[in-house]
Novice: 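Questions regarding the structure given below will be posed in turn.
Each chain gets a letter, A, B and so on, in the order the sequences are listed, and its residues count up from 1. Small disclaimer: the values here were computed from a predicted structure and weren't measured. The analysis underlying the following values was restricted to heavy atoms, covering all of them including side chains, and did not include hydrogens, waters or symmetry mates.
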There are 2 protein chains.
Amino acid sequence: MYTVSTRRPLNRDRVIQAAVAYADARGLDELTMRGLAAELGVVPMALYKHVADKYDLVGGMIDAVVASYRTPTETGWQARLRERVLNARERVSWHPWLRSAIESRDAPTATVLGYQNAVAGELIESGLAVDLVHHALHALGHRLWGFSPEAFRGAAAAPSVAEQATQLAERLPYVVAIAVDAGSRTRSGACDDDAEFAFTLDLLLDAFARLHERGWESGPRLSG
Amino acid sequence: MYTVSTRRPLNRDRVIQAAVAYADARGLDELTMRGLAAELGVVPMALYKHVADKYDLVGGMIDAVVASYRTPTETGWQARLRERVLNARERVSWHPWLRSAIESRDAPTATVLGYQNAVAGELIESGLAVDLVHHALHALGHRLWGFSPEAFRGAAAAPSVAEQATQLAERLPYVVAIAVDAGSRTRSGACDDDAEFAFTLDLLLDAFARLHERGWESGPRLSG
DNA sequence: ACCTGAACACCGTTCAAGT
DNA sequence: ACCTGAACACCGTTCAAGT
């Protein structure tokens, strides 16, 4: 008899890639330490040498996917933003579990925060004021990100970023700029959710009013 | 000795109200049939006489909250839509578990579908074309609903509605109108997600371009 | 009609032990 | 250094039995 599976030793990357494939095939709810272990031909406890716990495993899955997002190749903020949104949409369609995985966390992973910074950078570098960029990102919501920035459970991402601003400013300049700007408007140093919400709502109502006036049949086209 | 808790017999409503209070206090993840039973001073299996299973319990919780949404009192589609959005936001803040509860389902509950119909009605009755209303609802996304209409797992809500259109048309005229209109544009009779996405993206990019041009400092104000 | 007790098939995770 | 076995404290849910 031959040994069919040449048991390469497990490592963090193999565990995470297997978990991604598992969730792609059966969904996040079906992803279980025991099931994943069985898939890898190993006893459940073997996974815990490579992954702290299930929360850590899911974090690794998120980072693996988000780190693979493409950097836009076009020039011009609209074209680049468009590329990013469509790319994010594509990734979410490949990994339908991604959105709820990201939203299940208390705070964004470092990789997700880096992505948020890159997107903010596109708009800030285009010359848009920092507070407007902040609003714009909320308005794009989960269409941009493939998830909802408001959805983090702790909702404390912005203040915690603001606290460590000096250390983070170099690595995540745009995210820090937004957090600091938003914090300067409130006593607590946190993002003013109500003001932010009101802005987005008005922005959308205004856009609908324009649709109404013009009787557009197929919507505004910016490119092509 | 007195009997301290006058054990009123359980009923569906008491079970659901207790579950809502439980989730409000500890979150949806902590809501467990066993824990809820303990809270009610009853053995876990007693709950199953009033609720088919946990899925049914959560459905009941959703319906209880959404059924309590206020009908707007203002006149004019913008003011009414605004009222609805702010009311939905308020409810989600009271019941932080609501959004993920709704999104965890394969399809909207009847009560949620009725709410969607009411909101669609505001815009359709304002004179906006049905396909534009469809787009507008997607653009409002979870800010309007307190959840994301795209997020239903089956994503098959629209086609299934279209199939039963004749029976449903009376009860849910606006939702049916949107489903039928969207279905008429595609072979499958399903909503054309890509076209819908492109429209929303363009709408938002256009709104940002206007912000850019005008250098708005505090956003557009429509009311007050 | 309504509630109970014991059981089944699952979870994530620990600890001490194997190689 | 890496994997295992047995166990612990949980889940949702079934079935047959109690009152």
Novice: Taking any heavy-atom pair under 4.0 Å as a contact, classify Met33(A): base, sugar-phosphate, or nothing.
Specialist: sugar-phosphate
Novice: Rounded to whole Å, please give me the gap between CG in Asp53(A) and P in dC11(C).
Specialist: 17 Å
Novice: Of the options dC3(C), dC2(D), dT13(D), whose atoms approach the side-chain atoms of Lys49(A) most closely?
Specialist: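 For the Lys49(A) side chain, the nearest candidate turns out to be dC2(D).
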Novice: With a 4.0 Å cut-off on heavy atoms, is Lys54(B) in touch with a base, just the backbone sugar-phosphate, or nothing at all?
Specialist: sugar-phosphate
Novice: Nearest 0.5 angstrom please: Arg12(B) CZ to Leu57(B) CG, how far?
Specialist: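 Rounded to the nearest 0.5 Å, the CZ-CG separation comes out at 8.0 Å.
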Novice: Taking CZ from Arg34(A) and P from dA7(D), how many angstroms apart are they, rounded to a whole number?
Specialist: 14 Å
Novice: Tell which nucleotide pairs with dA7(C), taking only Watson-Crick or G-U wobble pairs whose two distances are both under 3.5 angstrom.
Specialist: dT13(D)
Novice: I need the CG-C1' distance between Leu31(A) and dG12(C), as an integer number of Å.
Specialist: 12 Å
Novice: Nearest of dT4(D), dC3(C), dT13(D) to any side-chain atom of Met45(A)?
Specialist: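 Of the options given, the side chain of Met45(A) lies nearest dT4(D).
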Novice: What distance do Lys49(A) atom NZ and Asn11(A) atom CG have between them, rounded to the nearest 0.5 Å?
Specialist: 15.0 Å
Novice: Using a cut-off of strictly less than 4.0 Å, decide whether Thr32(B) has a side-chain nitrogen or oxygen near OP1 or OP2 of dC10(D).
Specialist: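 Indeed not, no polar side-chain atom of Thr32(B) lies that close.
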Novice: dC3(D), OP1 or OP2 - any side-chain N/O from His50(A) closer than 4.0 Å?
Specialist: yes
Novice: Passes side-chain contact (heavy atoms from CB on, under 4.5 Å), Val92(A) versus Arg89(A)? Steps please.
Specialist: CA-CA 5 Å; Val92(A) 170; Arg89(A) 173 172 159 80; 5.9 Å; no
Novice: Can you measure Tyr48(A) atom OH to dC15(C) atom P for me and round it to whole angstrom units?
Specialist: 13 Å
Novice: Considering all heavy atoms of both residues, which atom of Tyr48(B) and which atom of Asp53(B) are nearest to each other, and what is their separation?
Specialist: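 For Tyr48(B) and Asp53(B), the tightest heavy-atom pair comes out as CE2-CA, 4.1 Å.
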Novice: Using whole Å, report how far CD of Glu30(B) lies from C1' of dG12(C).
Specialist: 14 Å
